[in-house]
Amino acid sequence: GENVEQHPSTLSVQEGDSAVIKCTYSDSASNYFPWYKQELGKGPQLIIDIRSNVGEKKDQRIAVTLNKTAKHFSLHITETQPEDSAVYFCAASIRNNFNKFYFGSGTKLNVKP
Amino acid sequence: DTGVSQDPRHKITKRGQNVTFRCDPISEHNRLYWYRQTLGQGPEFLTYFQNEAQLEKSRLLSDRFSAERPKGSFSTLEIQRTEQGDSAMYLCASSSTSGGSRETQYFGPGTRLLVL
């Protein structure tokens, strides 16, 4: 089955700096890659996603890039704010199956004011 | 609030007891998923339903676990004879097979289970 690896496990940045989180996947059939933000005691919240027919997607301060050849994708957060502090998870799935996500192990982002 | 809801939010039980969790998906979402999340890890897939049919189960779902979605709306997850290793956050998510965002799964707040 699919194996998703996520790095780093923790990331500390100064407010206003950029943060980058990287994920790799193993199954070349995977074609949908969402990113979720999880705050303490809450369920994961979708923040951005990308499909395999697109190399990059941006939504305000958040962007995701995908390299299908290398089987890796990254989350970029610019102009970080203290409220960005949370755990971020990447995931991979096969769109045609629509049945399950394979999640990375998470990155705890701390934005210092 | 029209998001995914889960009940209860927290459950403490003694080893050997049975517990049942409920998930109410977003209205008209025909797909419903259960995941388990242990501390410091990402969610792991347990099972999923399309309407009332349970279409896939993970090998993580031992025979002590059973899930139902009798009318294709809410779902229940029951754990029989709980063990300390069952302590985790149980997450429910839903999605729709129609529309432009068919792949998107929306998660509920989770039920945190502690088995003593």
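In what follows, chains carry the letters A, B, and so on, assigned in the order in which the sequence lines appear, proteins first and then strands, with residues in each chain numbered from 1. Note that these values count all heavy atoms, side chains included, but never hydrogens, waters or copies made by symmetry.
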Side chain Y35(B), main chain F101(A), donor-acceptor under 3.5 Å:
yes
Engaged part of S93(A) at the chain B interface, taking heavy atoms whose separation is under 4.5 Å
neither
Would a single hydrophobic cluster contain both I21(A) and V87(A), if residues Ile, Leu, Val, Met, Phe, Trp and Tyr are joined by side-chain heavy-atom contacts under 4.5 Å?
no
Structural part of R112(B) lying under 4.5 Å from a heavy atom of chain A
neither
In this structure, would V4(A) and W35(A) fall into the same cluster of hydrophobic residues linked by side-chain contacts under 4.5 Å?
yes
Going by residue number, which parts of residues 39-47 of chain A are within reach of chain B, meaning a heavy-atom gap below 4.5 Å?
G41(A), K42(A), G43(A), P44(A), L46(A)
For Y36(A), which atoms come within 4.5 Å of any heavy atom of chain B: side chain, backbone, both, or neither?
side chain
Atom group of S58(B) that falls short of 4.5 Å from chain A, counting heavy atoms:
neither
Pick from Q38(A), Q6(A), K108(A): which one has the most heavy-atom pairs with chain B under 4.5 Å?
Q38(A)
Transitive ILVMFWY cluster of L46(B), excluding itself - 4.5 Å side-chain cut-off
V19(B), F21(B), L32(B), W34(B), F49(B), L60(B), L61(B), F65(B), L77(B), I79(B), Y90(B), L113(B), V115(B)
Derivation of the side chain to side chain contact (heavy atoms under 4.5 Å, CB included) call for F89(A) and Q41(B):
CA-CA 9 Å; F89(A) 292 98; Q41(B) 298 298 316; over 6 Å; no
Is it the case that one hydrophobic cluster holds both I48(A) and F107(B), taking links as side-chain heavy atoms less than 4.5 Å apart, direct or via other members?
no
Atom CD of E68(B) with >12 non-hydrogen neighbours under 6.0 angstrom:
no
Could you state the interatomic distance from OH (Y102(A)) to CD (E44(B)), rounded to the nearest 0.5 Å?
11.5 Å
How about CD on E15(A), more than 12 heavy atoms from neighbouring residues, nucleotides or ligands closer than 6.0 Å, or not?
yes
Look at the side-chain heavy atoms of Ile, Leu, Val, Met, Phe, Trp and Tyr, link any pair under 4.5 Å apart, and say whether I77(A) and V13(A) land in one connected group.
yes
Minimum heavy-atom distance K100(A)-E56(B), with the two atoms named:
NZ-OE2, 2.5 Å
